[in-house]
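Single-structure report; data block below.
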Amino acid sequence: MLQTLPFLPTEVLTQIFTLTTTLDSGVSLRSLLRVSQHFHDICLPLRFHCVSLTTGSSIKRLDQELKRLEGSPAHLQRILHLYISPAQSDVQADSECETISQIFCILQNAAETLQTLTFIYHNTLLSTSVLGRLFRYSFPVLTELTIHGFYPFPSPMPSNESPASIPIIEMNESFMPMLQRLHLSGNRNPYGLLQLSSFDKCFPSLSHLRISGLLMAGSFVEEIKDALEKHTAYDDLKSKGSCGTLLNWQARLPNKLQSVVLQPGFMPPHNRVGVVGSAVKKDTWMMIQLKDIEEAAKRRRSVRVMLKDRMQDPDRVSVNSVLYCDWLGRMNGDEGCW
């Protein structure tokens, strides 16, 4: 078999090897690199197409490798699909800032070509600032983004903020102009997301929005209910050129949004120590409201609303493994988390 493969045109072998990059986040490709010099030369430009970073050492290694490649042809550094989830137990407190810096160096290198990104950051003390920094980066061809952590709301750059300190950003341009699917996870009650965020400015192509991990989120449920009810009315106002000042503070959905996916977070059993009755009541009310929203959306036939089953117990099924499977599945044509 190995004697016949080298006689296949290089273009055919490249297509075959490209398919392996998304099967197992590059494990098969790394094996092909060691088969022969001919295979090595074909696979070399593909080795970063799909990258999974789950430890501090893997982040450091990729950062060093990309720095060694500075000045080399761009096709040897191309990153298309990226999964970042540093284990909290693996990242030491005294080196965490260095790890964060390495992550953003990698993102800066990948920005021009990155198509899908899953970024998980568990440290609740730093996740807001880390994910907020991510929202300040520009990814021109990114189409799918999943983040997990205590995320801030996306917003445009303030006019008094210096663009020189923020890589690959141009003022008055969207940060992710091609982004179509955004999955936000880790904030159990993101109240204000649809009032204070600037989805249309940051993600003008956004068509699918998923919000996971909702718990006792009564205020957010009311917010999204209000936004769904006013979505058609807002379009009418915009077409007539009527846009009052108060409209900026109303909860509203992105203009091009087609689908909203909502997923409640894991609720511990009522008899578990620490679970109080008031929390159970708030969460039960939230679930009733979510089901009503889903049914109402079916009757309106505008933006599709899908209510997913609760997230599983994180002590049994980790969020990392679920999001990793979604990321890998999407690259291979599956629905993933959608």
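Because the structure is predicted, anything quoted here is derived from the model rather than measured.
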Between [X] (side chain) and [Y] (backbone), is there a donor-acceptor pair under 3.5 Å?
{"X": "T14", "Y": "T10", "answer": "yes"}
{"X": "Q263", "Y": "D309", "answer": "yes"}
{"X": "S205", "Y": "P177", "answer": "yes"}
{"X": "E223", "Y": "G192", "answer": "yes"}
{"X": "D200", "Y": "N255", "answer": "yes"}
{"X": "D283", "Y": "M216", "answer": "yes"}

Mind checking whether [X] and [Y] have side chains closer than 4.5 Å, heavy atoms only?
{"X": "T146", "Y": "W327", "value": "no"}
{"X": "R136", "Y": "S155", "value": "yes"}
{"X": "M311", "Y": "V322", "value": "no"}
{"X": "P264", "Y": "L307", "value": "yes"}
{"X": "V305", "Y": "L290", "value": "no"}
{"X": "L253", "Y": "L194", "value": "yes"}
{"X": "F203", "Y": "P254", "value": "no"}
{"X": "R252", "Y": "K230", "value": "no"}

Within 6.0 angstrom of [X] [atom1], more than 12 heavy atoms from elsewhere:
{"X": "Y191", "atom1": "OH", "result": "no"}
{"X": "K308", "atom1": "NZ", "result": "yes"}
{"X": "E65", "atom1": "CD", "result": "yes"}
{"X": "R133", "atom1": "CZ", "result": "yes"}

Q) What's the verdict on salt bridge (Lys or Arg N to Asp or Glu O under 4.0 Å) for K298 and E295, showing C-alpha distance, side-chain angles and the deciding distance? A) CA-CA 5 Å; K298 291 178 183 177; E295 290 301 317; 3.4 Å; yes
Q) How far does CD1 of I79 sit from CD of Q115, to the nearest 0.5 angstrom? A) 12.0 Å
Q | Euclidean distance, L53 CG relative to T99 OG1, rounded to 0.5 Å | A |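 Result: 11.0 Å between the selected atoms.
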Q. Can you list the steps and then say if F135 with Y151 is a ring-ring contact (aromatic ring centres under 6.0 Å, His included)?
A. CA-CA 10 Å; F135 283 140; Y151 55 86; 7.8 Å; no
Q: Would you mind telling me which of T124, T128, N123 makes a side chain to side chain contact (heavy atoms under 4.5 Å, CB included) with L126?
A: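 Output: one option passes, namely N123.
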Q) Centroid-to-centroid, Y83 to Y324, below 6.0 Å? A)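 Ring centroids of Y83 and Y324 are less than 6.0 Å from each other.
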Q. Would the H183 and H208 ring centres measure less than 6.0 Å apart?
A.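 Not close enough - the centres of the two rings lie 6.0 Å or further apart.
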Q | Contact summary for L117 and L142, nearest pair of heavy atoms | A | N-CD1, 3.8 Å
Q.
With a 4.0 Å cut-off on N to O distance, would you call D63 and K67 a salt bridge?
A. yes
Q: Scan residues 70-80 for pairs that pass side-chain hydrogen bond (donor to acceptor under 3.5 Å, both in side chains), counting only residues two or more places apart or in two chains.
A: S72-Q77
